[in-house]
Amino acid sequence: MKFSINTSDKNSNARAGVLQTDHGPIETPIFMPVGTAGAVKAVQIPDLSNDTKAQIILGNTYHLYLRPGLNIIEQAGGLHKFNGWEKPILTDSGGYQVYSLANTRKLNEKGVLFRSHIDGSKHEFTPEGVMDIQRTIGADIMMAFDECTPYPCEYDYAKNSLDLTHRWLKRCIQRFDETDPKYGYNQMLFPIVQGSVYKDLRIKSAEFIAEQNAHGNAIGGLSVGEPHEIMYEMTEVVCNILPKDKPRYLMGVGTPENILESIALGIDMFDCVMPTRNARHGIIFTSEGIINIKNEKWKNDFSVLDANGTSYVDQQYTKAYVRHLFAANEILGGMITSLHNLAFYLWLVQEARKHILEGDFANWKNIMVKKLSSRI
RNA sequence: GGGGAGAUUCCAGAGCGGUCAAAUGGGGCAGACUGUAAAUCUGUUGGCGCAGCCUUCGGAGGUUCGAAUCCUCCUCUCCCCA
């Protein structure tokens with residue numbers, strides 16, 4: 001449970017580090033593939049591990065609690081044993097579902113009453129309960145239960161919500177401290193900065209979070225529809241306050257461009273559904289720009305999927321073939337693009353790490369960013 | 001040989017005198033997606049000099065102010081009985 005920073009970039013706040021966990025080290029900056037229900041959609045564990053070079057994946061407290069349920073996960077011996085992923089796992093707390101499933105839940109001081117999106121049954125999530133669930137799942141990194149606020153969000157709502165998230169955090173920490181891991185390895189708890197798009201709230205929250213002296217700190221409530229400039233501004237404000245010697249995790253971000261810009265601001269960890277979800281929708285990210293493989297123009301393009309790509313699928317399949325798979329609604333299409341996108345995201349952060357260590361990250365980032373967001 | 005049903009925009013298939021360039025699916029084309037209720041969702045799908053006009057509902061005529069819708073003939077499909 002140690003975070004060491006190897007070096008810092010000269011012309012930005014980017015850092016390269018290593019976070020030690022009982023399931024192995026995580027080299028930062030890192031992108032963490034999202035595996036909400038215990039599976040990174042359309043990608044097998046060996047591919048995830050050997051091909052994309054993922055070092056840590058996510059699971060979700062709300063989804064795993066509902067299905068398969070804690071009983072099954074505990075019988076399996078924790079999520080690592082259940083899904084066969086032997087490296088670190090981080091679980092989101094369900095705080096994002098407070099936002100994304102706002103129509104089917106009720107929130108109060110005690111916690112959140114969710115109506116299951118699967119069968120409509122009611123389930124109360126409290127900060128204490130969420131800690132217990134994550135103990136049972138066995139995540140290496142547990143997230144505090146928070147309210148992810150929407151955008152736009154009135155100042156008063158954001159302020160009250162922030163105070164609630166902070167009170168919940170104290171309860172999370174207390175429960176975390178008075179309980180033990182279930183499977184013989186250590187777990188960490190990351191608190192989450194909120195405050196919507198309001199600088200003073202973000203500062204207040206970052207200061208409060210910094211005081212908790214957690215193993216790592218997260219920034220939530222961004223990338224929910226606000227302009228990128230605001231997202232970067234909030235991230236910068238918060239990074240200046242959060243402790244330098246602890247990993248900083250920007251939750252739910254983002255596009256390849258977002259990730260590089262945020263690394264420059266001092267972020268170490270990212271997760272996002274974009275590479276996997278968009279992959280299933282036919283979008284692939286490459287070092288030359290973004291490709292919609294379903295577009296007609298690839299119909300008879302027999303060049304490989306991504307000549308610069310690091311995944312075996314990049315050389316194995318042609319654009320025309322992958323386009324055909326999508327047109328024919330063959331499940332293989334989404335498997336190929338998912339693997340490609342994850343390999344690309346992981347390549348991107350590894351490359352960023354390399355340039356941070358070499359000291360020329362800022363220049364490299366500025367060149368990359370221009371290409372990454374263009375459409376091919 | 002006798003009897004019956006039908007031909008609609010890329011396909012299937014509604015429409016059965018005006019509110020029809022024509023429902024709904026599918027297919028095509030394009031877009032969205034940021035701690036995953038998402039292998040999902042949205043838009044568009046005759047042409048143009050585009051608040052209007054032109055050409056379309058098997059073909060040719062006709063009735064009517066007005067036809068994809070009614071009548072006549074033709075062509076072609078399908079079904080049943082011999």
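Chain identifiers are assigned alphabetically (A, B, ...) following the order of the sequence lines, protein sequences preceding nucleic acid strands; residue numbering begins at 1 within each chain.
- Contact annotation: A/Ser100 reaches the phosphate of B/A37 (side-chain N/O to OP1 or OP2, under 4.0 Å).
- By the rule that hydrophobic residues join a cluster once side-chain heavy atoms approach within less than 4.5 Å of another member, A/Ile230 and A/Met251 end up as members of one cluster.
- At whole-Å resolution of the value, CZ in A/Phe114 and P in B/A37 are 10 Å apart.
- The separation of B/C81 from B/C16, taken at their C1' atoms, amounts to 30 Å, rounded to a whole angstrom.
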Pairwise N/O distances under 3.5 Å, protein to nucleotides 40-47 of chain B:
none

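- In this entry B/G52 has B/C48 as its Watson-Crick or G-U wobble partner, both defining distances falling under 3.5 Å.
- Of the N and O atoms on the side chains of A/Lys110 and A/Thr126, not one donor lies less than 3.5 Å from an acceptor on the other residue.
- Distance CD (A/Glu257) to P (B/U34): 16 Å, rounded to an integer number of Å.
- In this structure A/Val369 satisfies the side chain to side chain contact (heavy atoms under 4.5 Å, CB included) test together with A/Glu257, A/Leu260, A/Glu261, A/Lys365, sequence neighbours excluded.
- Atoms CD1 (A/Ile284) and P (B/A32) sit 15 Å apart, rounded to a whole Å.
- Looking at heavy-atom distances under 4.0 Å, A/Ile192 makes contact with a base.
- The nearest whole Å value for the distance from the CG atom in A/Asp92 to the C1' atom in B/A37 is 15 Å.
- Shown here, B/U64 forms no base pair; nothing in the strands shown gives a Watson-Crick or G-U wobble contact with both key distances under 3.5 Å.
- Across all strands shown, B/A5 is found opposite B/U77 as a Watson-Crick or G-U wobble partner, with both distances under 3.5 Å.
- Cation-pi contact between A/Arg135 and A/Phe176: present, with separation from the ring centre below 6.0 Å and deviation from the ring axis of at most 45°.
- Side-chain contact of A/Glu147 with A/Thr165: a donor-acceptor pair under 3.5 Å is absent, judged by distance alone.
- Across all strands shown, B/G43 is found opposite B/C29 as a Watson-Crick or G-U wobble partner, with both distances under 3.5 Å.
- Taking side-chain N and O atoms only, A/Gln97 has no distance below 4.0 Å to OP1 or OP2 of B/G35.
- In this model, a side-chain donor or acceptor of A/His228 finds a partner on the base of B/U34 within 3.5 Å.
- One C1' atom belongs to B/G4, the other to B/C54, and the distance between them is 40 Å to the nearest Å.
- Residues from residues 30-56 of chain A that place a heavy atom under 4.0 Å from any atom of RNA chain B, listed by number: A/Val34, A/Thr36, A/Lys41.
- For the C1' atoms, the distance linking B/U40 with B/G46 amounts to 31 Å, nearest Å.
- Within residues 271-279 of chain A, the residues approached by RNA chain B to less than 4.0 Å at the level of any non-hydrogen atom are A/Asp271, A/Cys272, A/Val273, A/Met274, A/Thr276, A/Arg277, A/Asn278, in residue-number order.
- Counting non-hydrogen atoms under 4.0 angstrom, A/Arg375 reaches the backbone sugars and phosphates but no base.
- With 3.5 Å as the limit, one finds a donor-acceptor pair spanning the side chains of A/Tyr62 and A/His117.
- Atom CZ in A/Arg323 sits about 21 Å away from atom P in B/A39, given to the nearest Å.
- As the counterpart of B/C16, no nucleotide is assigned, since no Watson-Crick or G-U wobble pattern has both distances under 3.5 Å.
- Between A/Tyr249 atom OH and B/G35 atom P there is a gap of 9 Å when expressed in whole angstrom units.
- Note on A/Asp146: a base of the nucleic acid sits closer than 4.0 angstrom, heavy atoms only.
- For B/U8 and B/C57, the P atoms lie 11 Å apart once the distance is rounded to whole Å.
- Atom CD of residue A/Glu27 and atom CD1 of residue A/Ile56 lie 13.0 Å apart, to the nearest 0.5 angstrom.
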Extract all donor-acceptor atom pairs below 3.5 Å that involve side chains of residues 237-246 of chain A and protein atoms in other chains or at least two apart in sequence.
| unit_1 | atom_1 | unit_2 | atom_2 | d |
| --- | --- | --- | --- | --- |
| A/Asn240 | ND2 | A/Glu236 | O | 3.3 |
| A/Lys246 | NZ | A/Asn213 | OD1 | 2.9 |
| A/Lys246 | NZ | A/Ala214 | O | 3.1 |

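- At the heavy-atom level, A/Leu222 lies nowhere under 4.0 Å from the strands shown.
- Between A/Arg175 and A/Asp132 there is a salt bridge, since a side-chain N of the basic residue sits under 4.0 Å from a carboxylate O of the acidic one.
- Rounded to a whole angstrom, the distance from the C1' atom of B/A7 to that of B/A68 is 12 Å.
- Using a distance-only test at 3.5 Å, with no hydrogens or angles considered, a donor-acceptor pair links the side chain of A/Thr276 to the main chain of A/Val273.
- For the segment residues 60-67 of chain A, residues with any heavy atom less than 4.0 angstrom from an atom of RNA chain B are, sorted by number, A/Asn60, A/His63.
- If you measure from atom CD1 of A/Ile290 to atom C1' of B/A30, you get 16 Å, rounded to the nearest angstrom.
- For the residue pair A/His23 and A/Tyr185, no side-chain donor N or O sits within less than 3.5 Å of a side-chain acceptor on the partner.
- Defined by atom type and a distance below 3.5 Å, a donor-acceptor pair is present between the side-chain atoms of A/Tyr312 and A/Asp47.
- A donor atom on one side chain and an acceptor atom on the other are found under 3.5 Å apart for A/Asp200 and A/Tyr155.
- A side-chain N or O of A/Ser311 and one of A/Asp51 form a donor-acceptor pair less than 3.5 Å apart.
- B/C74 and B/G3 have their P atoms separated by 15 Å, given to the nearest Å.
- One side chain, A/Asp140 or A/His80, offers a donor N or O that lies under 3.5 Å from an acceptor on the other.
- Candidate nucleotides B/G28, B/A37, B/U34 were compared by shortest atom distance to the side chain of A/Asn258, and B/U34 ranks first.
- When each of A/Thr255 and A/Ile331 is assigned the nucleotide of RNA chain B bearing its nearest heavy atom, the one mapping closer to the 5' terminus is A/Thr255.
- Spacing between B/U55 and B/G6 at atom P, rounded to whole Å, works out to 30 Å.
- Nucleic acid contact class of A/Gly221 (heavy atoms, under 4.0 Å, all strands): base.
- A straight line from NZ of A/Lys297 to C1' of B/A30 spans 11 Å, rounded to a whole angstrom.
- B/A32 and B/C78 have their C1' atoms separated by 45 Å, given to the nearest Å.
- Residue contacts shown for A/Gln194 include a base, since a base heavy atom lies under 4.0 Å away.
- For the residue pair A/Gln194/A/Asp146, the side-chain donor-acceptor check at 3.5 Å is satisfied.
- Although no hydrogens or angles enter the test, the distance criterion places no donor-acceptor pair under 3.5 Å between the side chain of A/Trp347 and the main chain of A/Lys53.
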